[in-house]
Asks: 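Input: one structure, supplied below.
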Amino acid sequence: MNPERFIEIEDLKIEWIKEGMATIGFERRFAITLRVTNQSDQKSIVALNPEYISISRGWIDGVHDMSPSLYSGEELLPKSFVDVKIAFEGIKRSMVSDGDRMKLKISKIASLLLRRDNSQWYFVEYSSIKIGNDEIKSKIEQFEAIEERIGIALQNFSVQVKDEHSFDLYIETLVTDEERCREFQKIPLKLVVYDKENNVIHMQGLNLYNNGYSIFQVLEFPVKISETTLSNINKIRIFPSL
């Protein structure tokens, strides 16, 4: 993309306003002010996750202060905006140079890159990180032979993506052989997530307990993957682990 002072992503407009200083306690830190505008007629939840990349000091892991804080997401009213001042850990005005960059993740929508040229900041890269529910659902694999041996069926998987690191998985469980199910005090279900190199990046379990085993139940797996993003998922296996 061509360098721009602002960028529009869906109903959001992100604009560089100015660079300056922020007073944090007794310290003065270099700060960048961005304006985030909700251009839609509906409320919008906006979360920002910035990182600074200095040509002299390398990658700076950590924001010293963000005002107002948008880490976990804040509600923007329709047709409104907020100016966000971001001060980075360890960055003083004398350390800032043309060529420095700032990586900015916007909610679960996109990843942006800003670069400093002639003492001004420009958006120079944009990549979508939006992962759809159906995309995650298409990666689910099950082992029907194991389900049949135990006397249950896992069916009608539903996925609700929450952000770039987490999603909720809903599974219907149907008892197909009540006599076999009664042999077990509990039926542990295992969920295993693999990345594109076929490495296990997440694993968790959930138990079906024998309280007569309801013929039909709906289970919920809240899945959070800290080490990578959902876009790096290759497959998701869900199976009884007896």
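Starting from 1, each residue takes its place in the sequence as its number.
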Asks: Counting heavy atoms not belonging to K43, are there more than 12 under 6.0 Å from its NZ?
Replies: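 Atom NZ in K43 is not packed in, count stays at 12 or less.
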Asks: Less than 4.5 Å apart, any side-chain heavy atom of L169 and any of I136?
Replies: no
Asks: Between K190 and R237, is a side chain to side chain contact (heavy atoms under 4.5 Å, CB included) present by the stated rule, with each step listed?
Replies: CA-CA 8 Å; K190 188 77 74 176; R237 287 179 167 171; over 6 Å; no
Asks: Go through W121 and E19 one step at a time and tell me if the side chain to side chain contact (heavy atoms under 4.5 Å, CB included) criterion holds.
Replies: CA-CA 8 Å; W121 289 83; E19 62 177 40; 2.9 Å; yes
Asks: Less than 4.5 Å apart, any side-chain heavy atom of F167 and any of P222?
Replies: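 Side chain of F167 against side chain of P222, heavy atoms only: no contact under 4.5 Å found.
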Asks: Taking C-beta and beyond as the side chain, do E51 and M102 meet within less than 4.5 Å on heavy atoms?
Replies: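 They are not in side-chain contact.
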Asks: Is it true that F123 and F81 fall in one hydrophobic cluster, defined by side-chain heavy atoms closer than 4.5 Å?
Replies: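 Looking at the clustering, F81 is in a separate group from F123.
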Asks: With clusters defined by side-chain heavy atoms of hydrophobic residues (ILVMFWY) lying less than 4.5 Å apart, directly or transitively, does L206 cluster with M203?
Replies: yes
Asks: Side chains of K235 and N198 only: does a donor on one sit below 3.5 Å from an acceptor on the other?
Replies: yes
Asks: Can you hop from I236 to I146 via hydrophobic side chains spaced under 4.5 Å?
Replies: yes
Asks: Quick one: ring-ring contact (aromatic ring centres under 6.0 Å, His included) partners of Y170, sequence neighbours excluded?
Replies: none
Asks: Hey, any chance F221 and I201 share a hydrophobic cluster, counting ILVMFWY side chains that come within less than 4.5 Å of each other, even indirectly?
Replies: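 Yes; I201 is reachable from F221 via cluster members.
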Asks: Does R101 have any side chain to side chain contact (heavy atoms under 4.5 Å, CB included) partners at least two apart in sequence or in another chain, and if so, which?
Replies: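 Checked R101 against side chain to side chain contact (heavy atoms under 4.5 Å, CB included); matches are I53, L113, R115.
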Asks: Step by step, work out the side chain to side chain contact (heavy atoms under 4.5 Å, CB included) result for K103 and S111.
Replies: CA-CA 7 Å; K103 185 177 181 181; S111 178; 3.6 Å; yes
Asks: Measure the spacing between CD1 of I150 and CG of L189 and express it to the nearest 0.5 Å.
Replies: 8.0 Å
Asks: Using only heavy-atom distances, determine whether the side chains of E147 and Q142 contain a donor-acceptor pair under 3.5 Å.
Replies: yes
Asks: What distance do Y122 atom OH and N2 atom CG have between them, rounded to the nearest 0.5 Å?
Replies: 12.5 Å
Asks: Under 3.5 Å, side chain of N38 to main-chain N/O of L76, donor-acceptor pair present?
Replies: yes
Asks: Any donor-acceptor pair under 3.5 Å linking the side-chain atoms of W16 with those of Q120?
Replies: no
Asks: Side chain to side chain contact (heavy atoms under 4.5 Å, CB included) between V124 and L114: does it pass, once the steps are laid out?
Replies: CA-CA 6 Å; V124 294; L114 293 87; over 6 Å; no
Asks: To the nearest 0.5 Å, how far apart are NZ in K85 and CZ in R29?
Replies: 14.0 Å
Asks: Hey, is the main chain of V161 close enough, under 3.5 Å, to the side chain of N133 for a donor-acceptor pair?
Replies: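 Side chain of N133 to backbone of V161: a pair is present.
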Asks: To the nearest 0.5 Å, what is the distance between CG on D177 and CD on E183?
Replies: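 So the gap between those two atoms works out to 8.5 Å.
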Asks: Any salt bridge linking K13 with E8? Criterion: basic side-chain nitrogen under 4.0 Å from a carboxylate oxygen.
Replies: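 No salt bridge links K13 with E8.
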Asks: About how many Å separate CD of Q42 and CG of D11, when rounded to the nearest 0.5 Å?
Replies: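 Reported to 0.5 Å precision, the distance equals 9.0 Å.
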Asks: Tell me whether I17 is reachable from L48 by hopping between hydrophobic residues (I, L, V, M, F, W, Y) whose side-chain heavy atoms are closer than 4.5 Å.
Replies: no
Asks: Answer yes or no: is there an ion pair linking R116 with D100, defined by an N-O contact shorter than 4.0 Å?
Replies: no
Asks: Could you tell me whether the side chain of L191 reaches within less than 4.5 Å of the side chain of H202, counting heavy atoms only?
Replies: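 The answer is yes; the side chains approach within 4.5 Å.
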Asks: Could you tell me if the side chain of D168 sits less than 4.5 Å from the side chain of E220, heavy atoms only?
Replies: yes
Asks: Just so I know, are the side chains of E15 and T33 near enough to count as touching, which here means a heavy-atom distance under 4.5 Å?
Replies: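 The answer is no; the side chains never approach within 4.5 Å.
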Asks: Is the F239 ring parallel, tilted or perpendicular to the F143 ring (thresholds 30°, 60°)?
Replies: perpendicular
Asks: Is the backbone of S56 close enough, under 3.5 Å, to the side chain of S54 for a donor and an acceptor to pair up by distance?
Replies: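 Confirmed, S54 side chain pairs with S56 backbone.
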Asks: Side chain to side chain contact (heavy atoms under 4.5 Å, CB included) with P188: which residues, sequence neighbours excluded?
Replies: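 With neighbours one apart ignored, the set is N207, S241, L242.
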Asks: Calculate, to the nearest 0.5 Å, the distance between atoms CG and NZ belonging to L112 and K105 respectively.
Replies: 11.5 Å
Asks: Could you check if a side-chain atom of I215 sits within less than 4.5 angstrom of a side-chain atom of E178, using non-hydrogen atoms only?
Replies: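 The answer is yes; the side chains approach within 4.5 Å.
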Asks: Is the shortest side-chain heavy-atom distance between V223 and Q204 below 4.5 Å?
Replies: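 In contact.
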